[in-house]
Amino acid sequence: MKGALTPRDAADMIADGASLMIAGFMGVGSPHRLIDALVARNARELTVIANDTARPGFGIGKLISAGAVRHVITSHIGLNPETQAGMIEGSITVELVPQGTLVERIRAGGMGLGGVLTPTGLGTEVEEGKRIIEVEGNHFLLETPLRADFSLLAAGQADYVGNLAYSLTAHNFNPVMALAADTVIAEAESIVPVGVIPPDAVKTPSVLVDHLLLRAC
Amino acid sequence: MKGALTPRDAADMIADGASLMIAGFMGVGSPHRLIDALVARNARELTVIANDTARPGFGIGKLISAGAVRHVITSHIGLNPETQAGMIEGSITVELVPQGTLVERIRAGGMGLGGVLTPTGLGTEVEEGKRIIEVEGNHFLLETPLRADFSLLAAGQADYVGNLAYSLTAHNFNPVMALAADTVIAEAESIVPVGVIPPDAVKTPSVLVDHLLLRAC
Amino acid sequence: MDTKELIARRVAQEILPGMLVNLGIGLPSMVANYVPAERGVFFQAENGVIGLGARPPEGMEDPNLTDAGGGFVSAVPGAASIDSAMSFGLIRGGHLDMTVLGGLEVDESGHLANWKVPGKMVPGMGGAMDLVTGAARVVVAMQHSARGKSKIVRKCSLPLTALRRVDMVVTDLAVIVPSPAGLILRERAPGVSIEAIREATEAALVVPDEVPEMGFDA
Amino acid sequence: MDTKELIARRVAQEILPGMLVNLGIGLPSMVANYVPAERGVFFQAENGVIGLGARPPEGMEDPNLTDAGGGFVSAVPGAASIDSAMSFGLIRGGHLDMTVLGGLEVDESGHLANWKVPGKMVPGMGGAMDLVTGAARVVVAMQHSARGKSKIVRKCSLPLTALRRVDMVVTDLAVIVPSPAGLILRERAPGVSIEAIREATEAALVVPDEVPEMGFDA
């Protein structure tokens with residue numbers, strides 16, 4: 001862990017055109033301060049890998065509304081009509097991935113696997129262009145790893161060395177995304193002294209976190 | 001969760017010839033009471049899937065000493081000369097699997113994946129008989145899922161519905177093995193009322209646990 | 001009883017003690033209202049909680065505890081938080097006893113389409129493809145028709161959610177069980193005739209000698 | 001200074017502030033003794049702890065906290081418990097900055113063999129194959145020879161641990177850096193001549209103009 005950043009410094013670190021994994025599920029467990037900072041610095045041409053694009057005015061929806069996003073790899077955009085409109089008019093390209101496949105592709109990218117075989121998507125549009133592998137008489141799609149330049153995470157608690165703990169349904173994609181980017185930036189609801197998060201409660205070990213946002217004022 | 005069992009009832013449930021995943025790393029995080037009960041009932045011809053066979057007189061080593069094991073799928077037997085001797089004289093067959101591959105194969109078996117691609121083992125003896133799959137110019141071994149008839153787990157705490165929490169290095173293979181068997185039996189150092197293990201501290205959700213051993217006296 | 005309540009109550013009867021059940025957004029989520037607490041059922045939401053409970057009292061909502069639609073929920077005693085990898089490990093790995101999903105079309109092969117209307121509505125599959133592929137039992141809860149058009153069709157015209165045959169379809173008119181022999185009409189909604197169901201259904205139905213009315217205790 | 005201490009102290013110099021480091025059982029585990037706490041290094045053991053610490057005071061040992069060899073350890077402030085899937089995710093995914101492993105043979109291609117002597121000793125690869133495949137840096141810490149026979153060989157006769165070229169070999173005689181051009185002799189142990197190293201080494205060595213002695217502060 002390289003120390004605490006202001007949201008603005010973090011947003012400046014993320015160049016236009018960068019690929020970002022952004023944690024969260026309909027905005028729950030999303031790094032809202034980082035998102036606001038990206039909107040504030042007028043980020044452009046981002047690729048976003050995320051479960052969904054939340055809704056207009058909330059979470060990743062703010063990036064969509066601001067026109068910051070060029071490409072999305074996601075499982076669901078049904079609750080954000082702006083993403084759907086952007087897709088139809090061509091300002092945003094969208095790659096739809098089944099949710100369980102999305103999380104495994106991210107995990108594979110973070111954990112050094114060359115891919116995983118899943119039955120999900122067999123015989124559907126998701127199959128198009130993918131290799132089908134037979135194992136013991138059953139067929140599976142070969143799904144390949146995903147990685148990004150940055151992962152943007154939101155934790156309930158962080159400690160001074162960067163260990164993260166999450167709360168209830170705010171876990172979602174945070175633990176896997178923590179492994180799958182070149183640079184990992186996290187924000188936390190509270191930052192506590194080392195030792196306050198006991199080893200068994202750490203969900204993302206500090207060694208994965210490059211930067212922590214300084215505490216919210 | 002179907003309620004608490006005596007170790008003896010649990011051992012009676014496990015027929016000779018059954019395949020067992022047994023959690024633990026050199027005996028740490030292993031279900032010692034279940035192992036003792038299997039030795040006591042003179043179990044025979046077991047297949048054991050486990051990280052290692054511990055050492056003579058400890059953990060899985062007790063099953064080896066008792067002659068209960070016919071086949072082992074494991075990453076390491078170096079600290080148990082009895083397993084090595086059994087392998088050489090032919091009373092035990094041993095399939096050696098790299099530790100990171102072993103845990104991914106178990107996870108794939110438990111999580112409905114048809115396999116994973118790993119670079120580990122490429123160009124070594126581990127490669128023999130396996131398919132090599134190319135993804136974006138890199139080569140990987142296709143490793144297939146593992147499942148068993150039973151998973152035998154050890155938790156630090158269990159609650160009345162079967163939620164499990166683990167302590168420090170006693171986690172190891174417990175969380176993945178909890179998904180990868182037809183029947184999951186767990187023992188715990190303590191059994192506490194529902195609510196004592198908060199949702200964020202549960203490492204194995206109760207829905208995966210079929211039986212819990214009654215408290216140790 | 002309105003048609004949504006009828007569907008939700010009938011689906012609730014399929015949920016047996018101790019099951020782990022995933023309920024989709026919308027109509028399926030209403031099913032929870034008709035499953036008595038003493039049945040010991042755990043509801044899962046794919047966003048990461050096992051043991052989903054009712055909406056909390058006003059002012060007690062936790063922004064870190066919602067259902068898959070983003071609505072505030074609570075957690076029952078014995079609940080567990082899980083991340084997305086574990087959530088879909090449970091789903092795809094066969095640990096989920098039942099999923100209840102909405103549908104756009106179900107066809108004579110028992111195939112479900114529920115994630116895309118090309119050129120019109122592309123919400124994305126979310127967790128639906130994994131749920132239909134992996135859950136031990138798949139129940140579709142939907143209105144029998146939309147804008148006068150049968151949603152039980154000969155062959156899905158919309159993109160499929162999975163190749164797996166769903167196990168049961170519950171509509172405001174009927175309970176239908178897809179099988180290798182086709183769609184079996186198992187139950188009628190109260191006061192609805194077999195003829196009326198046939199008329200409202202594009203697909204061919206296999207009609208047994210006895211097609212009882214759905215039964216409701218209350 | 002005995003040869004094991006010499007090797008351990010020299011390897012310790014490779015460990016930079018803030019690194020995540022895995023130490024193998026045996027000689028490699030001694031390296032931790034020579035890394036000052038203020039360097040802020042986290043030691044990982046593949047059995048599932050990040051932030052491995054020294055053996056606890058007598059009577060304070062926790063049976064649920066050991067190193068990969070089963071020996072009692074402690075956990076430093078900021079430690080984290082992880083399961084085996086995460087442990088090897090860190091290793092294989094390139095998150096581990098360095099691993100220090102023992103060796104049976106290293107050859108001119110930089111290949112390591114350390115898990116099997118066919119017909120004699122078959123301990124199994126444990127985590128070694130994943131470690132050598134995935135760690136950002138692989139350092140082999142071993143005696144230069146065993147029973148008078150060089151362990152730095154032309155070509156490994158024992159089964160390989162991985163195809164990946166190891167990054168450094170530290171022995172009681174030398175520091176050797178495998179490269180596409182062969183094994184480069186980088187440092188000599190104090191008082192050991194280049195000639196003595198050549199004689200003790202089966203493999204061909206690339207010898208630069210300057211081959212300084214290992215430097216030790218204390």
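Counting heavy-atom pairs closer than 4.5 Å to chain B, the top-ranked of the candidates D:Gly70, D:Gly134, D:Ala85 is D:Ala85. Interface remark: of the candidates B:Val176, B:Asp52, B:Leu122, B:Leu122 forms the most heavy-atom pairs closer than 4.5 Å to chain D. For the set D:Ser84, D:Gly127, D:Ser81, the entry with the most heavy-atom pairs within less than 4.5 Å of chain B is D:Ser84. Considering only heavy-atom pairs separated by less than 4.5 Å from chain D, the leading option among B:Ala170, B:Ser167, B:Pro81 is B:Ser167. Most heavy-atom pairs under 4.5 Å with chain D, from the set B:Met87, B:Glu127, B:His76: that is B:His76.
Contact check for D:Arg92 versus B:Glu104: side-chain heavy atoms found under the 4.5 Å cut-off. By the 4.5 Å heavy-atom criterion applied to side chains, B:Glu189 and D:Asn64 are counted as neighbours. Contact annotation: the side chain of D:Thr66 never approaches that of B:Met26 to less than 4.5 Å [non-hydrogen atoms, C-beta and beyond].
Of the two parts of B:Val97, only the backbone, made up of N, CA, C and O, holds a non-hydrogen atom closer than 4.5 Å to a non-hydrogen atom of chain D. Using a 4.5 Å cut-off between heavy atoms, B:Ile77 contacts chain D through both its backbone and its side chain. For chain B, no part of D:Leu131 is nearby; none of its heavy atoms comes within less than 4.5 Å. With a threshold of 4.5 angstrom between heavy atoms, D:Leu160 approaches chain B through its backbone and through its side chain. Only the side chain of D:Thr133 comes within less than 4.5 Å of a heavy atom of chain B; its backbone N, CA, C and O stay farther away. Heavy-atom distances place no part of D:Ala113 under 4.5 Å from chain B, backbone and side chain included.
Between B:His171 atom NE2 and D:Met86 atom CE the span is 11.0 Å, to the nearest 0.5 Å. The structure places CG of D:Asp62 at 7.5 Å from OG1 of B:Thr169, a figure rounded to the nearest 0.5 Å. Note that CZ of D:Phe88 is 9.0 Å distant from OG1 of B:Thr120, once rounded to the nearest 0.5 Å. Between the NE2 atom in D:His111 and the OG1 atom in B:Thr124 there is a gap of 11.0 Å [rounded to 0.5 Å]. Atom CE of residue D:Met129 and atom OG1 of residue B:Thr118 lie 11.0 Å apart, to the nearest 0.5 angstrom. Expressed to the nearest 0.5 Å, how far CG of D:Asp83 lies from CG of B:Asn174 amounts to 9.5 Å.
Atom NZ of B:Lys130 has more than 12 heavy atoms from other residues, nucleotides or ligands within 6.0 Å. Enclosure of atom CZ in D:Arg39 by more than 12 non-hydrogen atoms of other residues, nucleotides or ligands within 6.0 angstrom is indicated.
No donor-acceptor pair closer than 3.5 Å links the side chain of B:Gln84 to the backbone N or O of D:Met121.
Scored by the ring-ring contact (aromatic ring centres under 6.0 Å, His included) test, D:Phe43 finds no partners at all (sequence neighbours excluded).
Across every non-hydrogen atom of D:Asn47 and B:Asn172, the tightest pair is O-CB, 4.0 Å.
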